[in-house]
Amino acid sequence: MKKKKPNKLKILNDPIYGFIQIQNPIIFDIIEHPYFQRLRRITQMGFSNLVYPGANHTRFHHALGCTYLMEKAIRVLRFKGIQISEDEEKALYIAILLHDIGHGAFSHALEHSIVNGISHEEISLKFMHQLNIEFNGELDLAITIFEGKYHRNFLCQLISSQLDIDRLDYLKRDSFYTGVTEGNISSDRLIVMMNVKNDELVIEQKGIYSVEKFLIARRLMYWQVYLHKTGIVAENMLVNVLKRAKELAEKGADLYGSAALKYFLYNQINQDNFTDKTLQMFAVLDDYDILSAIKEWVNHTDKILSLLSKMIVDRKLLKIEIQKECFTAAQLHKKKIKYAKKLQLAIDEMDYFVFSQPIQNQAYQTKKPIFILNKKGKLKDIAKASDQLNLQALTKPVIKYIICYPK
């Protein structure tokens with residue numbers, strides 16, 4: 001009997017947008033690939049579920065949502081007379097689908113602990129090149145657009161800009177799953193108001209208030225969700241757990257972990273030695289590896305690793321204070337002395353429990369402006385076109401400082 005070909009034009013049900021149609025067979029094949037399926041096991045918001053219990057959605061959800069919005073944006077731009085070829089359309093779907101494929105377990109934590117000197121964007125590109133080999137060069141154009149090297153700049157801006165498809169999905173999605181309604185932007189209206197002028201992705205004047213709401217929503221989501229103090233302290237503690245595990249591994253200590261996790265703990269991984277083998281190991285490393293290891297490390301003989309792991313598992317996190325002024329070295333040292341006695345640890349070991357760092361929120365950057373297209377066909381930066389006084393304030397970075405220490 002002749003083997004029946006699978007139906008690759010699927011319909012998926014998304015809680016945000018409803019039914020999402022997969023309209024291209026290669027998109028189905030990429031979604032089915034183990035590299036992409038791994039995103040089911042990478043949370044979109046790290047430890048934010050310690051603050052907002054519903055925030056358990058994954059990078060997989062987000063990538064599919066972005067593909068849906070991209071299909072909508074292409075349809076709108078074509079309706080307005082913008083020529084987008086079938087090859088460009090396919091490339092845009094692939095690029096937006098894979099834009100986050102390089103994220104490690106718990107998203108950003110690995111970039112600051114056991115994998116150094118290489119960003120998730122660079123790892124995404126490595127995955128895309130590998131997939132391009134497997135798919136016989138069908139990702140060539142998608143990679144060019146992803147890298148921002150395509151001659152039609154507005155296509156690159158759909159993937160990465162201050163009003164790109166990525167942001168339009170994650171703000172709305174994160175708002176939905178956290179229940180923080182301030183982030184519920186009108187992605188539909190923003191897309192309907194998109195146009196192209198001088199090869200720039202722009203928003204028509206009728207959409208100016210939607211852009212204002214988008215920028216304000218982004219600012220509020222950062223303070224209320226992404227930079228929430230409990231989420232910050234939890235992520236820093238995760239980074240410190242992995243740093244301590246890495247330090248012990250370098251000294252030859254025996255650590256519980258999956259083969260993938262042990263590979264990154266017992267080897268120095270950076271941009272220069274990120275080989276094909278490293279990529280394959282990274283492709284099977286996810287949140288489950290990290291969580292299962294931390295649960296075991298609670299009983300490790302190393303006091304620092306054990307204590308940090310137990311604090312995360314039991315959600316008994318460090319105390320955190322936030323202020324506008326930088327904390328001094330003297331303030332940090334004083335707390336280290338105080339809690340070193342309490343925890344019975346050496347002063348130099350207290351860096352894992354007492355630390356300070358800046359946090360920054362800048363909702364809008366004027367270097368890569370969002371342009372408003374007025375009725376006369378002229379372009380104007382949203383910060384100047386808007387009569388919303390708050391918008392000028394959003395162009396300035398707001399920097400605050402945190403200090404974390406045991407309770």
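By convention here, the first residue in the shown sequence is residue 1.
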Could you go through Y52 and Y177, starting from their C-alpha distance and side-chain angles, then the distance that decides it, and tell me whether this counts as ring-ring contact (aromatic ring centres under 6.0 Å, His included)?
CA-CA 8 Å; Y52 301 102; Y177 281 100; over 10 Å; no
For side-chain hydrogen bond (donor to acceptor under 3.5 Å, both in side chains), just list the numbers for Q162 and Q365, CA-CA rounded to whole Å, side-chain angles, deciding distance to a tenth of an Å, and then say yes or no.
CA-CA 8 Å; Q162 289 203 83; Q365 296 179 353; 5.4 Å; no
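Qualifying side-chain contact (heavy atoms from CB on, under 4.5 Å) partners for T328, counting only residues two or more places apart in sequence or in other chains: A330, Q331. Annotation: side-chain contact (heavy atoms from CB on, under 4.5 Å) contacts of L318 (sequence neighbours excluded): V233, M237, M311, F353, F355, C404, P406. For Y405, the side chain to side chain donor-acceptor pair (under 3.5 Å) partners two or more places apart in sequence, or in a different chain, are E321. Residues satisfying the side-chain contact (heavy atoms from CB on, under 4.5 Å) criterion with P53, sequence neighbours excluded, are absent altogether. Scanning for side chain to side chain donor-acceptor pair (under 3.5 Å) contacts around D289 gives S258, with sequence neighbours left out. Under the side chain to side chain donor-acceptor pair (under 3.5 Å) criterion, R38 pairs with no residue, sequence neighbours left out. When the side-chain contact (heavy atoms from CB on, under 4.5 Å) test is applied to K197, the partners found at least two apart in sequence or on another chain are V202, L373, L379. Listed by chain and residue number, N49 satisfy the side chain to side chain donor-acceptor pair (under 3.5 Å) test with N56 (two or more places apart in sequence, or in another chain).
Residue Q323 qualifies as enclosed at atom CD: its count of foreign heavy atoms under 6.0 Å is above 12. More than 12 heavy atoms of other residues, nucleotides or ligands sit less than 6.0 Å from atom NZ of K213. The environment of OH in Y266 is crowded: more than 12 heavy-atom neighbours from other residues, nucleotides or ligands sit within 6.0 Å. Counting heavy-atom neighbours within 6.0 Å of K303 NZ, excluding the residue itself, gives a total above 12. Within 6.0 Å of atom CD in Q360, more than 12 heavy atoms from other residues, nucleotides or ligands are found, so the atom counts as buried in its surroundings. More than 12 heavy atoms of other residues, nucleotides or ligands shown are found within 6.0 angstrom of NZ on K80.
Listed by first then second residue, pairs satisfying ring-ring contact (aromatic ring centres under 6.0 Å, His included) with a partner in residues 125-169 read Y35-F127, not counting sequence neighbours. Sorted by first and then second residue, the pairs that involve residues 82-105 and meet ring-ring contact (aromatic ring centres under 6.0 Å, His included), not counting sequence neighbours, are H62-H99, H103-H108, H103-H120.
Side chain of Q362 to main chain of V398: no donor-acceptor pair is present (N/O by atom type, distance under 3.5 Å, no hydrogens or angles). Side-chain atoms of N132 come within 3.5 Å of backbone N or O of E138 as a donor-acceptor pair. A distance-only check finds no donor-acceptor pair linking the side chain of R173 to the backbone of I16 [under 3.5 Å]. Between the side chain of D381 and the main chain of K384, no donor-acceptor pair closer than 3.5 Å is present. With hydrogens and angles disregarded, no donor-acceptor distance shorter than 3.5 Å links the side chain of R219 to the backbone of A363.
Salt bridge annotation for R244-D302: present, with a cationic side-chain nitrogen under 4.0 angstrom from a carboxylate oxygen. Contact check on R75 versus E71 returns a salt bridge, with a Lys/Arg side-chain nitrogen under 4.0 Å from an Asp/Glu carboxylate oxygen. A salt bridge links D351 with K336: at least one charged nitrogen is closer than 4.0 Å to a carboxylate oxygen. A salt bridge between K251 and E247 is present, with a side-chain N of the basic residue lying under 4.0 Å from a carboxylate O of the acidic one.
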Would you tabulate the side-chain donor-acceptor contacts of residues 221-229 under 3.5 Å, counting partners in other chains and residues two or more places apart, or write 'none'?
residue : atom : partner : partner atom : Å
Y226    : OH   : D174    : OD2          : 2.6
H228    : ND1  : T230    : N            : 3.1

Would you list the atom pairs, donor with acceptor, under 3.5 Å between side chains in residues 180-188 and any protein atom, with sequence neighbours excluded?
residue : atom : partner : partner atom : Å
N184    : OD1  : K172    : NZ           : 3.0
S186    : OG   : R189    : N            : 3.4
D188    : OD1  : K72     : NZ           : 2.8

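At a cut-off of 3.5 Å, with distance as the only test, a side-chain donor of Q268 or E250 sits close to an acceptor on the other residue.
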